[in-house]
Amino acid sequence: MAVARLAAVAAWVPCRSWGWAAVPFGPHRGLSVLLARIPQRAPRWLPACRQKTSLSFLNRPDLPNLAYKKLKGKSPGIIFIPGYLSYMNGTKALAIEEFCKSLGHACIRFDYSGVGSSDGNSEESTLGKWRKDVLSIIDDLADGPQILVGSSLGGWLMLHAAIARPEKVVALIGVATAADTLVTKFNQLPVELKKEVEMKGVWSMPSKYSEEGVYNVQYSFIKEAEHHCLLHSPIPVNCPIRLLHGMKDDIVPWHTSMQVADRVLSTDVDVILRKHSDHRMREKADIQLLVYTIDDLIDKLSTIVN
């Protein structure tokens with residue numbers, strides 16, 4: 001079984017150098033061990049990221065129904081938690097599902113309430129509501145132990161999920177983890193601009209990743225998010241954590257991942273920096289690093305169980 005998994009991972013390996021550096025935060029076996037034992041082959045990239053899982057809905061009394069796609073397979077399963085107003089059909093989500101399929105592991109991807117195919121109104125969304133969405137996915141859909149992969153704001157939510165469900169969340173992978181970032185960026189605005197946002201009820205935050213050139217963030221979302229900030233005190237998460245971040249990220253500073261690593265109680269933490277990657281981290285080499293990291297954690301967790 002280990003040989004079969006190794007062959008699947010090897011197919012994703014590039015023949016050139018990676019261009020990343022891992023900063024270990026605890027005494028443990030890291031990605032270097034995996035890299036040392038994988039033979040170099042020509043990379044196999046995703047076959048157009050075909051979606052083969054059917055769309056389903058999680059019905060919740062008194063809460064919006066959540067759209068999701070679930071791939072059945074072995075434990076630990078992988079749950080992808082998207083970024084702010086991002087859908088389940090993004091590059092990273094599809095790549096993770098495809099990789100899990102190659103390994104025979106379970107995978108879930110979903111849309112937040114008010115986003116994509118899920119029910120609800122995006123203007124009424126809050127971080128607290130999306131936190132409930134993540135917990136609903138874990139409680140009602142996921143079977144057995146889970147590795148959470150959180151992208152950007154999803155990285156903030158994965159930490160909350162790990163705090164709330166320590167018995168089920170066995171590892172975390174953050175991609176440009178945006179813990180507290182929205183609140184921090186808003187608090188750094190000039191007083192006059194903050195008052196203007198409060199009066200209008202919307203913060204038009206400039207972003208090159210939006211088709212409109214801005215993300216219109218509800219003031220109510222920012223104020224509610226203040227109640228979910230984590231970096232002001234120790235974060236009670238003890239599972240293995242891997243934090244991937246691009247040093248060209250102009251949305252969430254890579255130093256934020258260093259802060260998260262410093263704040264979590266876990267001693268098994270790596271911060272992996274890619275010098276030329278941006279906030280999205282969806283280039284081929286970024287995705288290859290991501291699936292490498294997933295496989296390494298699956299291997300680590302399997303070794304612990306055995």
Side-chain angles (χ1 to χ4, degrees), residues 1-14 18 20 22 24-39 41 43-44 46 53 69-81 92-109 134 137-138 141-151 154-155 158-159 161-162 165-175 177 237-244 264 266-272 281 285-306:
M1 183 178 296
V3 174
R5 275 187 46 251
L6 188 57
V9 180
W12 294 70
V13 181
W18 279 71
W20 52 261
F25 276 75
H28 62 277
R29 186 181 56 143
L31 288 173
S32 58
V33 176
L34 177 67
L35 292 173
R37 71 171 193 265
I38 294 180
R41 295 188 186 178
R44 174 186 66 81
L46 296 178
T53 47
K69 294 195 174 186
K70 180 177 180 180
L71 176 69
K72 294 182 179 180
K74 296 179 293 187
S75 292
I78 312 298
I79 299 176
F80 180 75
I81 308 175
K92 291 188 289 291
L94 292 172
I96 289 170
E97 181 186 87
E98 188 76 14
F99 186 67
C100 286
K101 185 174 298 183
S102 72
L103 295 183
H105 277 260
C107 180
I108 299 174
R109 49 191 173 95
V134 176
I137 295 294
I138 294 173
L141 293 180
D143 303 312
Q146 301 294 313
I147 297 174
L148 305 186
V149 181
S151 177
M158 78 175 182
L159 292 167
R165 300 291 186 270
E167 73 287 347
K168 202 161 185 179
V169 177
V170 294
L172 301 177
I173 300 174
V175 182
T177 300
V237 175
N238 290 288
C239 63
I241 302 172
R242 305 293 180 262
L243 302 170
L244 318 183
V264 293
S266 174
T267 57
D268 185 352
V269 183
D270 281 346
V271 178
I272 305 170
M281 291 197 73
D286 297 325
I287 300 298
Q288 288 163 335
L289 173 59
L290 176 56
V291 298
Y292 252 168
T293 307
I294 292 171
D295 184 80
D296 186 54
L297 283 175
I298 289 175
D299 184 66
K300 180 184 183 69
L301 294 168
S302 299
T303 302
I304 292 175
V305 171
N306 296 332

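The analysis underlying the following values was restricted to heavy atoms, covering all of them including side chains, and did not include hydrogens, waters or symmetry mates. Computed from a predicted model, the values in this text were never measured in an experiment.
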Under 4.0 Å between a Lys/Arg side-chain N and an Asp/Glu carboxylate O for E97 and R109? yes
Main-chain N/O of A142 paired with K168 side-chain donor or acceptor, under 3.5 Å: yes
Intermediate values then yes/no, side-chain contact (heavy atoms from CB on, under 4.5 Å), D268 and R242: CA-CA 8 Å; D268 185 352; R242 305 293 180 262; 3.0 Å; yes
Using the side-chain contact (heavy atoms from CB on, under 4.5 Å) rule, pick out the option among L172, I78, V170 that qualifies with L148. L172
Are P166 and N238 packed together at the side-chain level, in the sense that at least one heavy-atom pair is separated by less than 4.5 angstrom? no
With rounding to the nearest 0.5 Å, note down the distance linking CD1 in I137 to NZ in K70. 9.5 Å
Do M281 and L290 have side-chain heavy atoms sitting under 4.5 Å apart? no
From I96 CD1 over to I108 CD1, what is the distance, rounded to the nearest 0.5 angstrom? 12.5 Å
Mark yes or no for whether K74, through its side chain, and L103, through its backbone, hold a donor-acceptor pair below 3.5 Å. yes
Do F80 and C107 have side-chain heavy atoms sitting under 4.5 Å apart? no
Before you tell me yes or no, could you show the steps for H105 and D295 under side-chain contact (heavy atoms from CB on, under 4.5 Å), namely the whole-Å CA-CA distance, both residues' side-chain angles and the distance that decides it to 0.1 Å? CA-CA 10 Å; H105 277 260; D295 184 80; over 6 Å; no
Given M158, which of I81, I79, V169, V134 fulfils the side-chain contact (heavy atoms from CB on, under 4.5 Å) condition? I81
I287 vs F99, side-chain contact (heavy atoms from CB on, under 4.5 Å): CA-CA, chis, key distance, verdict: CA-CA 10 Å; I287 300 298; F99 186 67; over 6 Å; no
Hey, does L297 have a side-chain heavy atom less than 4.5 Å from the side chain of P240? yes
Interatomic distance, K300 atom NZ to I147 atom CD1 [nearest 0.5 angstrom]: 11.5 Å
To check you understand the geometry: which heavy-atom pair defines the closest contact between L159 and V237, and what is its length? O-CG2, 3.9 Å
Calculate, to the nearest 0.5 Å, the distance between atoms CD1 and SG belonging to I294 and C100 respectively. 5.5 Å
Within this structure, what is the CD1-CG distance for the pair I138 and D143, rounded to the nearest 0.5 Å? 12.5 Å
Could you state the interatomic distance from CD1 (I173) to OG (S151), rounded to the nearest 0.5 Å? 12.0 Å
Could you pull out the closest heavy-atom pair between C239 and S266, with the gap in Å? O-OG, 2.8 Å
